[in-house]
Amino acid sequence: MDAHVEFDYLFKLLLIGDSGVGKSTFILSFTSHTFHDLSPTIGVDFKVKYVTLGGKKLKLAIWDTAGQERFRTLTSSYYRGAQGIIMVYDVTRRETFTNLSDIWAKEIDLHSTNQDCIKMLVGNKVDKESERVVSKKEGIEFAREYGCLFTECSAKTRVNVERCFEELVMKILETPSLLSEGSSSLKKNIFKQKPQQSDASTSGCCSW
Ligand SMILES: Nc1nc2c(ncn2[C@@H]2O[C@H](COP(=O)(O)OP(=O)(O)O)[C@@H](O)[C@H]2O)c(=O)[nH]1
Ligand SMILES: [Mg+2]
């Protein structure tokens, strides 16, 4: 499906969290349905996926860091206009969990431009259950405290990956302020900001 396809809304979703938690893999497992073992320096920048949910045709632009998160230097343009933010940690590395509250949640508060932006906490790599150090209960408590959605998943086995995006998007669709005229201006801005690339759009035309 090409870039001219009709859609009702364009949503900007982005992923944050420490380096190595699986953000890029998570995006690819959602947009291309395969597991990529990525070099840590390679990010996907931005992927597009079309879905139909809640009776609406949606164009999802899913932003990834290009590895700058290692230096904690994501700029505010990365956050600007996002309707959904996915905060990812690795259930086998505790510091990736504590850094979400110590660092990343503060970054969101600082830079996020949509006050009602929906946040989702994601504990990734549950396929490595024997190495788990962060319990599901801790994730639930964090999510309750920060007022965000929560899920645990594996970008490798794809467990819960689609459900995560589906829940996030459904919640955005239920939030009128995220659907208002801002979306049409976003529609222009988002592609102005786009890093130059031709392979950004995943060709898949998928609905759940
Ligand atoms: N076992 C397992 N490995 C994963 C999972 N997700 C990502 N990885 C691996 O973790 C490493 C870092 O992933 P990457 O997507 O580059 O993390 P990013 O720095 O957050 O973008 C890579 O070697 C991935 O193959 C997962 O769910 N399970
Ligand atoms: Mg990455």
Side-chain angles (χ1 to χ4, degrees), residues 12-49 60-79 82 84-108 111-112 119-136 138-140 142-143 148-168 193-197 199-202 204:
K12 172 176 174 177
L13 310 179
L14 58 89
L15 280 84
I16 57 162
D18 283 3
S19 184
V21 296
K23 298 180 297 299
S24 303
T25 310
F26 186 72
I27 295 175
L28 290 172
S29 102
F30 177 62
T31 56
S32 71
H33 291 212
T34 46
F35 179 71
H36 297 69
D37 205 359
L38 296 168
S39 145
T41 52
I42 297 174
V44 298
D45 293 334
F46 171 112
K47 283 273 177 191
V48 169
K49 179 158 168 150
L60 306 180
I62 308 165
W63 290 53
D64 188 18
T65 66
Q68 323 89 304
E69 74 275 25
R70 228 163 308 157
F71 314 105
R72 315 245 153 82
T73 55
L74 298 178
T75 59
S76 50
S77 69
Y78 184 69
Y79 296 90
I85 299 183
I86 301 174
M87 299 185 280
V88 189
Y89 64 96
D90 175 347
V91 298
T92 72
R93 284 167 58 213
R94 177 159 298 277
E95 77 276 14
T96 66
F97 181 66
T98 51
N99 281 343
L100 283 180
S101 47
D102 293 347
I103 294 159
W104 297 113
K106 293 183 180 120
E107 288 284 296
I108 294 174
H111 297 297
S112 161
K119 286 159 230 156
M120 175 169 254
L121 177 67
V122 172
N124 188 36
K125 307 199 188 182
V126 292
D127 58 288
K128 293 163 80 176
E129 187 57 42
S130 62
E131 294 171 45
R132 178 199 280 271
V133 295
V134 181
S135 71
K136 186 167 185 175
E138 290 174 279
I140 292 170
F142 178 108
C148 53
L149 302 167
F150 173 67
T151 191
E152 285 190 339
C153 74
S154 167
K156 184 172 187 173
T157 64
R158 303 193 65 239
V159 161
N160 277 345
V161 171
E162 288 200 354
R163 227 189 63 199
C164 166
F165 282 96
E166 188 177 309
E167 268 182 42
L168 179 63
Q193 297 171 20
K194 182 171 91 157
Q196 84 299 358
Q197 60 193 18
D199 61 341
S201 311
T202 317

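FYI, side chains are in, hydrogens and waters are out, and symmetry mates aren't considered; it's all heavy atoms of this structure. Just so you know, ligand 1 is whichever comes first in the structure, and atom 1 is the first atom listed for that ligand. Numbers for residues simply follow the sequence, beginning at 1.
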### Task
Classify the angle between the aromatic ring planes of Phe142 and Phe97 as parallel (below 30°), tilted (30 to 60°) or perpendicular (above 60°).
tilted
#### Entry: Carboxylate-amine/guanidinium contact Lys125 Asp90, below 4.0 Å
yes
#### Entry: N/O/S atom of Ser24 inside 2.8 Å of the Mg ion (ligand 2), strictly under
yes
## Note on the structure
Ser24 heavy atoms within 4.0 Å reach ligand 1 at atoms 15 (O), 21 (O)
### Query
In ligand 1, which numbered atoms sit nearer than 4.0 Å to a non-hydrogen atom of Thr25?
6 (N), 7 (C), 13 (O), 14 (P), 15 (O), 24 (C)
### Query
So is Asp18 close enough to ligand 1, meaning a heavy atom under 4.0 angstrom away?
yes
### Message
Set out, in order, the CA-CA distance, both residues' side-chain angles and the distance that settles side chain to side chain donor-acceptor pair (under 3.5 Å) for Ser154 and Asp127, then state yes or no.
### Response
CA-CA 6 Å; Ser154 167; Asp127 58 288; 2.8 Å; yes
### Summary
Numbered in order shown, the ligand 1 atoms found under 4.0 Å of a heavy atom of Lys23 are 15 (O), 17 (O), 18 (P), 19 (O), 20 (O), 21 (O)
### Query
Are Arg163 and Glu166 close enough, and set up right, to give a salt bridge (charged side-chain N to carboxylate O under 4.0 Å, His left out), and what steps lead you there?
CA-CA 5 Å; Arg163 227 189 63 199; Glu166 188 177 309; over 6 Å; no
### Query
Near Lys128, which atoms of ligand 1 are under 4.0 Å from a heavy atom of that residue?
1 (N)
## Note on the structure
Minimal heavy-atom distance between Val126 and Gly123, with the atoms involved, is CG1-O, 4.1 Å
### Backbone or side-chain N or O of Cys153 under 3.5 Å from ligand 1 N or O
no
### Task
Output yes when the distance from some N or O of ligand 1 to some N or O of Lys156 is under 3.5 Å, and no in every other case.
yes
### Query
Got an N/O contact under 3.5 Å between Gly20 and ligand 1?
yes
#### Entry: Asp64, any N or O under 3.5 Å of ligand 1 N or O
no
